[in-house]
Colleague: 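Here you go, one structure.
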Amino acid sequence: MPELPEVETVCRGLRGFLPQQTLAWVTVRRRDLRVPIPLDFEQRLLGRTVLRVERRAKYILWYLDSDDVVLVHLGMSGRLFGYRHGDPKRPQAAAKHDHVWLRTDDDTLICFCDPRRFGLFTVCHSSQLASHPLLKDLGIEPLSPELQPQYLRDHLATRRVPVKVALLNQAVVVGIGNIYASEILHRARTSPERSASELTTAQLKALCQAIPAILRQAIEAGGSTLRDYVQADGELGSFQNLFAVYDREGQDCQRRGCPGTITRIVQAARATYFCPRCQH
DNA sequence: CGTACACCCTGGCCGC
DNA sequence: TGCGGCCAGGGTGTAC
């Protein structure tokens with residue numbers, strides 16, 4: 001479900017609820033997520049104040065006043081909601097897949113719901129963050145100045161996979177998932193089937209422009225809502241209305257003047273959409 | 001080291 | 001209406 005734009009949107013939403021709030025109640029309804037919720041989780045969060053909320057790759061980080069950091073990953077189907085005191089939409093009881101419920105001392109309710117349980121909700125000490133197994137091999141942030149043609153050239157030189165598959169590799173550039181990989185390659189007029197190691201200089205440059213351009217545009221739209229993703233305040237994302245290729249098999253290419261038709265192929269067991277006419 | 005593939009889990013949709 | 005098969009925005013462990 002959530003790629004960088006969705007995670008960033010959820011993060012921004014949480015910043016309206018959490019910072020400077022103290023966690024007054026923590027309920028874990030099931031611990032067996034992709035990474036089991038540690039047994040001391042509740043004790044480490046209770047009574048702590050959230051100083052700030054940050055994003056790294058597709059992870060949401062809550063920095064606590066105890067020097068612990070809460071790590072949340074939404075996996076494919078995870079959602080994080082905040083409800084203020086008196087919010088009419090605020091649930092009375094946990095729903096089937098609500099795994100974690102938290103209340104702050106101003107009576108805001110934070111619900112973590114994840115039907116498929118590919119997500120995770122855990123805590124680690126800030127001194128261990130950089131070396132944490134989940135974070136230590138992550139590549140550069142796609143919205144940072146580190147994203148340069150030379151960086152991509154260096155890191156893709158030995159990759160014999162198609163460029164679409166390489167874009168999904170979080171050890172190179174983080175945050176790009178299956179939807180935005182297709183959208184980025186269309187914007188960069190690059191075929192998803194091209195070998196990552198054989199991209200031209202022009203294509204590397206085009207990717208370095210398309211990656212942040214697509215992701216920023218998607219963040220601005222509040223992410224994409226396909227089936228179940230919603231923002232932390234319950235609002236829907238709208239970038240799905242701006243898809244140029246994703247889930248548009250058989251439809252006309254959106255590029256001005258391009259007479260092509262969007263094609264669906266499968267790469268690394270995942271759907272890829274592109275226009276064979278204008279992507280080379 | 002890099003790559004391919006199975007697998008984790010639930011739910012929605014489609015065709016029969 | 002029911003059921004099997006397939007699909008889904010992510011990531012890991014294993015074998016080669």
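No hydrogens, no waters, no symmetry mates; every other heavy atom, side chains included, goes into these values. Below, read A as the first sequence line, B as the second, and so on, with proteins coming before strands; counting in each chain starts at 1.
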Colleague: With a 4.0 Å limit, can you tell me whether A:Arg270 has a side-chain N or O closer than that to the phosphate oxygens OP1/OP2 of C:dG9?
Modeller: yes
Colleague: My validator wants the stems of DNA chain C: runs of 3 or more consecutive Watson-Crick or G-U pairs, both distances under 3.5 Å, written as range with range.
Modeller: B:2-8 with C:10-16, B:10-16 with C:2-8
Colleague: Just checking, A:Arg34 and A:Phe118: is the charged tip under 6.0 Å from the six-membered ring centre and within 45° of the axis?
Modeller: no
Colleague: Would you indicate which nucleotide in C:dG9, C:dT12, B:dT10 comes nearest to any side-chain atom of A:Leu134?
Modeller: C:dT12
Colleague: Quick one: is A:Ser77 getting a side-chain N or O under 4.0 Å of the B:dT10 phosphate, OP1 or OP2?
Modeller: no
Colleague: Any non-hydrogen side-chain atom of A:Arg12 less than 4.5 Å from a side-chain atom of A:Arg15?
Modeller: yes
Colleague: Check whether any side-chain N or O of A:Lys96 sits under 4.0 Å from OP1 or OP2 of B:dT10, and answer yes or no.
Modeller: no
Colleague: In whole angstroms, how far is the P atom of C:dG13 from the CG atom of A:Asp137?
Modeller: 11 Å
Colleague: Over how many whole Å does the gap from A:Leu167 atom CG to C:dG10 atom P extend?
Modeller: 12 Å
Colleague: Taking atom P in both B:dG12 and C:dG11, what distance in whole Å separates the two?
Modeller: 23 Å
Colleague: If you measure only the distance, is there a donor-acceptor pair under 3.5 Å linking the side chains of A:Tyr180 and A:Ser224?
Modeller: yes
Colleague: Rounded to the nearest angstrom, tell me the gap between atom NE2 in A:His99 and atom C1' in B:dC9.
Modeller: 10 Å
Colleague: Does B:dG11 have OP1 or OP2 sitting under 4.0 Å from an N or O in the side chain of A:His97?
Modeller: yes
Colleague: Is there, by distance only and without an angle test, a donor paired with an acceptor across the side chain of A:Arg116 and the base of B:dC9 below 3.5 Å?
Modeller: yes
Colleague: Does a salt bridge link A:Arg31 with A:Glu42, judged by any charged N lying under 4.0 Å from a carboxylate O?
Modeller: yes
Colleague: Taking atom P in both B:dC9 and C:dC3, what distance in whole Å separates the two?
Modeller: 23 Å
Colleague: Measure from the side-chain N and O atoms of A:Asp252 to the backbone N and O of A:Thr261, and report whether any donor-acceptor pair falls under 3.5 Å.
Modeller: no
Colleague: Please tell me which of the listed nucleotides, B:dT3, B:dT10, C:dG10, lies nearest to the side chain of A:His73?
Modeller: C:dG10
Colleague: Does any donor atom in the side chain of A:Thr272 or A:Gln267 lie under 3.5 Å from an acceptor atom in the other side chain?
Modeller: yes
Colleague: Rounded to whole angstrom units, what separation is found between the CZ atom of A:Arg79 and the P atom of B:dC9?
Modeller: 21 Å
Colleague: For C:dG9, does OP1 or OP2 lie under 4.0 Å from any side-chain N or O of A:Tyr180?
Modeller: no
Colleague: If the test is side-chain contact (heavy atoms from CB on, under 4.5 Å), which one of A:Val35, A:Ile60, A:Leu102 qualifies with A:Phe121?
Modeller: A:Leu102
Colleague: Given side-chain contact (heavy atoms from CB on, under 4.5 Å), test A:Leu4 with A:Glu141 step by step and report yes or no.
Modeller: CA-CA 10 Å; A:Leu4 184 144; A:Glu141 286 288 331; 3.9 Å; yes
Colleague: Of all the choices, C:dG11, C:dA8, B:dC9, which nucleotide is nearest to the side chain of A:Arg34 once you look at every atom?
Modeller: C:dG11
Colleague: Given B:dC8, C:dA8, B:dG2, identify the nucleotide with an atom nearest to the side chain of A:Phe118.
Modeller: B:dC8
Colleague: From B:dT3, B:dC9, C:dG10, pick the nucleotide closest to the side chain of A:Lys58?
Modeller: C:dG10
Colleague: Of the options C:dG9, C:dG11, C:dA8, whose atoms approach the side-chain atoms of A:Glu3 most closely?
Modeller: C:dG9
Colleague: Measuring from the side chain of A:Ala271 (C-beta onward, heavy atoms only), which nucleotide among C:dT12, C:dA8, B:dG11 has the closest atom?
Modeller: C:dA8
